[in-house]
Amino acid sequence: MHEFRTHTCGELRKSDVGITARLSGWIHSVRDHGGIIFIDLRDHYGKTQVVIDPTKDFYQELERWRVETVVCFTGKVVARTPETVNPKIATGEIELVADEMTVLGETEQLPFLVAKDEDAPEALRLKYRFLDLRRDELHNHIVMRAKLIEALRRKMWDLGFTEYQTPILTSSSPEGARDYLVPSRVHPGKFYALPQAPQQFKQLLMVAGFDRYFQIAPCFRDEDARADRSPGEFYQLDIEMSYATQDDIFAILEDLLTDIFPKFTSKQISPAPFPRIPFRESMERFGTDKPDLRNPLEMIDVTDIFKDSGFQAFSKTVAAGGVVKAIKVSGIAKADNPQPRRFYDEMIAFAQECGAKGMAYIIWSAGETKSPIVKFLTGNELPSLAEKAGIQDGDVLFFLADKRALVNSVGGKVIGELGRRLGLIDPNVFKFCWIVDFPMFETDEETGALIFCHNPFSMPQGGMKAVETQNPLDIVAYQYDIVCNGIELSSGAIRNHQPELMYKLFEMCGYSREVVDDKFGGMIRAFKLGAPPHGGIAPGVDRMAMLLADAPNIREVIAFPFNQQAEDLMMNAPAAVDMKQLRELRVIPVPQELKYEETFKKLLAEAERIRAAEAAAAAMNASAAPEQN
RNA sequence: GGGGGCGUAGCUCAACUGGUUAGAGUGCCACCCUGUCACGGUGGAUGUUGCGGGUUCGAAUCCCGUCGCUCUCGCCA
């Protein structure tokens with residue numbers, strides 16, 4: 001008989017009754033009746049009830065029947081009587097009557113219980129992550145994630161893609177997020193960078209003729225955390241394809257997502273093709289570039305209606321170049337169940353917290369309009385609004401008036417808040433959309449200079465001709481995001497593979513040819529030696545897993561995540577290292593309490609002093625012993 | 001770097017406007033119990049109220065500082 005087990009804890013069935021089996025696992029729970037003891041033995045596969053007669057010799061061996069002890073039981077598989085069958089577990093029709101027991105791993109008192117889902121503080125859960133991972137919910141999340149990755153790989157191969165690996169130690173690139181740097185021992189003072197994404201490598205693979213690339217790629221960005229953004233490292237399903245148009249890439253992703261998502265969720269998936277919303281339209285309608293399409297609310301531009309209105313708060317805003325936008329909420333003012341006055345007050349307070357000066361509203365109810373502003377609307381405003389918004393009885397319009405950017409930003413937040421408060425967001429669907437036509441450039445708010453809006457390697461729509469003839473701020477790129485339920489799953493682009501066009505775009509942002517050659521030399525050289533048109537996308541694996549697991553934050557789908565401060569509380573990373581290691585790398589840590597600039601100058605001065613002393617000593621030696629030569 | 005929230009027993013939480021010995025559930029320890037499956041019962045131990053300072057006759061409670069966790073803005077091509 002195998003030393004540890006003949007079956008797993010989820011395996012035995014009625015058909016196994018009569019055999020002798022050996023099971024190993026954790027003590028999940030103990031029910032000690034004095035004359036008989038029941039133990040639920042748990043492993044990765046399930047739970048099995050073990051029955052113990054306390055008169056057996058082995059009973060004395062285990063001092064405490066403490067949960068989470070790892071034990072091995074050998075005994076006979078016995079059918080349970082009908083009234084003692086437990087339908088809640090797969091092995092509930094049988095139980096193991098123990099003849100022998102071996103303790104394989106004892107436990108001290110647990111920092112939190114595995115068998116109960118009580119909320120332990122996250123710091124504790126992260127420190128004892130291996131315990132937390134034993135718990136059903138997290139355990140299942142990690143298994144689901146593994147299966148998701150397997151399914152993604154399989155689908156990508158089915159679609160004709162091949163997985164290629166790319167370096168983890170590479171060079172720092174000037175654009176984008178903060179890099180994680182690794183000091184070079186061989187080249188003191190120089191650094192590798194961990195890749196923020198295999199962006200340049202995958203493009204070079206296209207130039208190298210591999211045609212269809214994918215990789216479950218680790219990406220490293222030294223940026224602060226969010227609920228849907230783990231600091232440090234994360235994974236992307238990185239995709240790149242040659243001779244591809246934007247439509248080709250969309251078709252691949254729509255195929256992938258509508259195939260994969262239903263395998264892991266019972267929620268309804270929006271059918272392909274997914275809606276395509278130009279970036280500017282999304283900002284105007286939803287106030288964000290990642291709209292949650294489950295929320296039916298959106299902004300309507302009603303600036304025209306208020307241009308000459310007697311309500312001066314609005315008409316003056318319009319005169320000053322601002323806009324007035326309305327958000328229609330249907331049916332919340334019906335006579336049988338109207339929202340109370342307090343609801344409107346709270347929404348106005350919310351809008352003000354978001355930066356609005358105020359928020360007006362009009363209620364259409366029982367043939368009348370109720371509103372603090374309606375007495376100022378002496379012109380044709382009310383019927384115009386009703387017509388433009390398609391108002392029916394019980395509907396409400398909320399109004400925001402200010403500069404366009406502010407109205408959009410506040411409006412987006414108000415839409416989200418209204419959706420949440422009124423329960424308008426269906427939790428049982430996944431709604432995808434594409435955000436397309438991102439601007440190539442924007443202006444730096446501080447300097448007013450032209451900067452890249454997204455990815456400097458994206459192809460501007462219209463190519464060189466557009467770049468030469470259009471206002472730079474009007475140029476849009478073949479640059480797109482895919483958004484699911486308000487979460488950005490991925491960015492992608494058709495790449496700019498034309499060196500001259502790339503030089504031109506960088507020049508517009510103030511980078512000379514030399515700088516481009518220096519920073520992106522590998523890629524520019526490649527593009528000068530026969531580059532196919534290509535493009536790609538890179539959906540976030542962690543975010544997909546998070547959506548599918550319905551997890552409140554991304555740490556719930558990562559086995560060993562960092563906390564918000566980018567620390568691994570279990571492994572104690574980051575950590576100080578030996579002086580020997582630092583010496584090899586020529587790295588001197590400067591304690592945080594010391595002022596960096598001053599310390600740096602002192603160190604430089606000290607280095608200079610040592611160098612001068614050594615040079616002086618060498619000169620002395622040379623003059624003292626000239627006869628040696 | 002900025003803003004919000006939280007911090008009381010191993011864990012989850014309570015403790016009124018500042019007022020007696022800081023409580024409950026769970027876990028832990030001991031004992032009882034032959035059909036439970038979150039078993040049940042009896043008893044017991046467990047606290048620098050995150051830390052430091054202040055106000056007060058008196059502080060878990062109020063004030064200041066600090067640390068930790070979390071959400072968020074900046075940031076994330």
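Residue numbering restarts at 1 for every chain, and letters A, B, ... go by the order of the sequence lines. None of the values given here were measured: they were computed from a predicted structure.
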Using whole Å, report how far CZ of A:Arg221 lies from C1' of B:G74.
17 Å
Mind checking who B:U20 pairs with, Watson-Crick or G-U wobble, both distances under 3.5 Å?
none
Could you tell me whether the side-chain ring of A:Phe38 sits stacked on the base of B:U36, using a centroid cut-off under 5.5 Å and a plane angle under 30°?
yes
Is there aromatic stacking of A:His33 against B:U36, centre distance under 5.5 Å, plane angle under 30°?
no
Of the nucleotides B:C37, B:A38, B:C76, which has the atom closest to the A:Asn86 side chain?
B:C37
Does A:Phe220 have more than 12 heavy atoms from other residues, nucleotides or ligands lying within 6.0 Å of its CZ?
yes
Among B:C71, B:G35, B:U70, the one nearest A:Thr84 by side-chain distance:
B:G35
Is A:Arg513 close enough and on-axis enough to A:Tyr503, meaning under 6.0 Å and within 45°, for cation-pi?
yes
Could you tell me which nucleotide pairs with B:C39 by Watson-Crick or G-U wobble geometry, both distances under 3.5 Å, or answer none if nothing does?
none
Counting side-chain heavy atoms from C-beta on, which of B:C71, B:C76, B:G27 comes nearest to A:Gln564?
B:C71
List the atom pairs, with distances to 0.1 Å, where a side-chain N or O of residues 226-234 of chain A and a protein N or O form a donor-acceptor pair under 3.5 Å, not counting sequence neighbours.
unit_1, atom_1, unit_2, atom_2, d
A:Arg229, NE, A:Asp224, O, 3.2
A:Arg229, NH2, A:Asp224, O, 2.6

Roughly how far, to the nearest 0.5 Å, is CG of A:Asp437 from OH of A:Tyr478?
8.5 Å
Between B:C75, B:G35, B:C71, which nucleotide has the shortest distance from any of its atoms to the side chain of A:Arg80?
B:G35
Checking N1-N3 plus N6-O4 or O6-N4 for Watson-Crick, or N1-O2 and O6-N3 for wobble, each under 3.5 Å, the partner of B:G68 is B:C6
N/O (side chain, A:Arg31) to phosphate O (OP1/OP2, B:C33) under 4.0 Å:
no
